[in-house]
Amino acid sequence: MSDLLIRDISEPMKQDIARRARQTGRSLSEEAKELLQKALIAEKAETETPRLSAWDLLRPILYDGNDAAAAEYALIMEEIEAERKKDFGRPVEDFE
């Protein structure tokens, strides 16, 4: 573990962190680390590009302007994706 020194924190900000630390039962340092971690997670979530479903990726290729067919195809793709995800974490069969 290493240390981090943050200079020139305004007194009101320090008091806000100290108040939160008392409310959560943490030390001032622990609360500051928790707040920094939450801020980093929130910033990362804002900058990440959302993952596209298989339908979203294939739609520009396969969509012909028929909304009813597109909706049906989207449902089929969602079912396929749901079935595929059921296998995650399942033990691999012995092929011998």
Side-chain angles (χ1 to χ4, degrees):
M1 293 253 195
S2 61
D3 293 334
L4 173 68
L5 175 64
I6 302 174
R7 298 181 192 276
D8 300 324
I9 293 178
S10 68
E11 191 59 33
M13 182 185 291
K14 182 179 176 185
Q15 294 304 321
D16 287 344
I17 297 170
R19 181 182 40 76
R20 286 178 58 119
R22 284 190 301 276
Q23 289 172 347
T24 60
R26 296 186 185 114
S27 70
L28 186 60
S29 252
E30 289 170 336
E31 187 63 27
K33 288 189 288 188
E34 181 69 21
L35 290 169
L36 286 170
Q37 184 66 38
K38 285 180 181 178
L40 289 171
I41 290 169
E43 183 179 78
K44 185 177 179 181
E46 286 177 3
T47 59
E48 284 184 348
T49 57
R51 294 181 184 229
L52 298 176
S53 69
W55 167 241
D56 291 333
L57 291 171
L58 293 173
R59 183 180 186 142
I61 299 167
L62 302 173
Y63 182 62
D64 63 358
N66 183 341
D67 288 339
E72 182 179 346
Y73 187 78
L75 289 173
I76 292 168
M77 293 303 289
E78 287 173 7
E79 289 173 11
I80 291 170
E81 189 72 8
E83 284 297 317
R84 187 183 67 81
K85 288 181 179 179
K86 286 182 182 177
D87 287 340
F88 290 169
R90 189 186 62 159
V92 178
E93 296 176 14
D94 189 12
F95 291 108
E96 290 186 46

**Request:** Report the residue from Q37, K44, K38 that forms a side-chain contact (heavy atoms from CB on, under 4.5 Å) with I41.
**Result:**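 The residue from Q37, K44, K38 that satisfies side-chain contact (heavy atoms from CB on, under 4.5 Å) with I41 turns out to be Q37.
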
**Prompt:** Which pair of non-hydrogen atoms, one from S27 and one from A21, has the smallest distance, and what is that distance?
**Reply:** O-CB, 3.7 Å

**Prompt:** Does K14 reach the side chain of L28, with side-chain heavy atoms less than 4.5 Å apart?
**Reply:**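 Yes, their side chains come closer than 4.5 Å.
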
**Asked** Are L35 and R20 close enough that some pair of their side-chain heavy atoms sits under 4.5 Å apart?
**Response** yes

**Asked** Should the heavy atoms of other residues, nucleotides or ligands under 6.0 Å from CD of E72 be counted, would the total exceed 12?
**Response** no

**Message:** If you count heavy atoms of other groups shown closer than 6.0 angstrom to CD of E43, is the number above 12?
**Reply:** no

**Request:** Hey, could you give me the CD1/OG distance between I17 and S29, rounded to the nearest 0.5 Å?
**Result:**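 Spacing of CD1 (I17) from OG (S29) equals 10.0 Å.
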
**Complete:** One should read off an interatomic distance between E31 CD and L36 CG, to the nearest 0.5 angstrom, of 10.5 Å

**Message:** Are L4 and I9 connected into the same hydrophobic cluster when the rule is that any two of I, L, V, M, F, W, Y join if their side-chain heavy atoms are below 4.5 Å apart?
**Reply:** yes

**Prompt:** Between L5 and M13, is there a shared hydrophobic cluster once you connect ILVMFWY residues whose side-chain heavy atoms come closer than 4.5 Å?
**Reply:**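 Unlinked, L5 and M13 end up in two clusters.
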
**Message:** Could you check whether E81 pairs with R84 (Lys NZ or Arg NE/NH1/NH2 to Asp/Glu carboxylate O, under 4.0 Å)?
**Reply:** yes

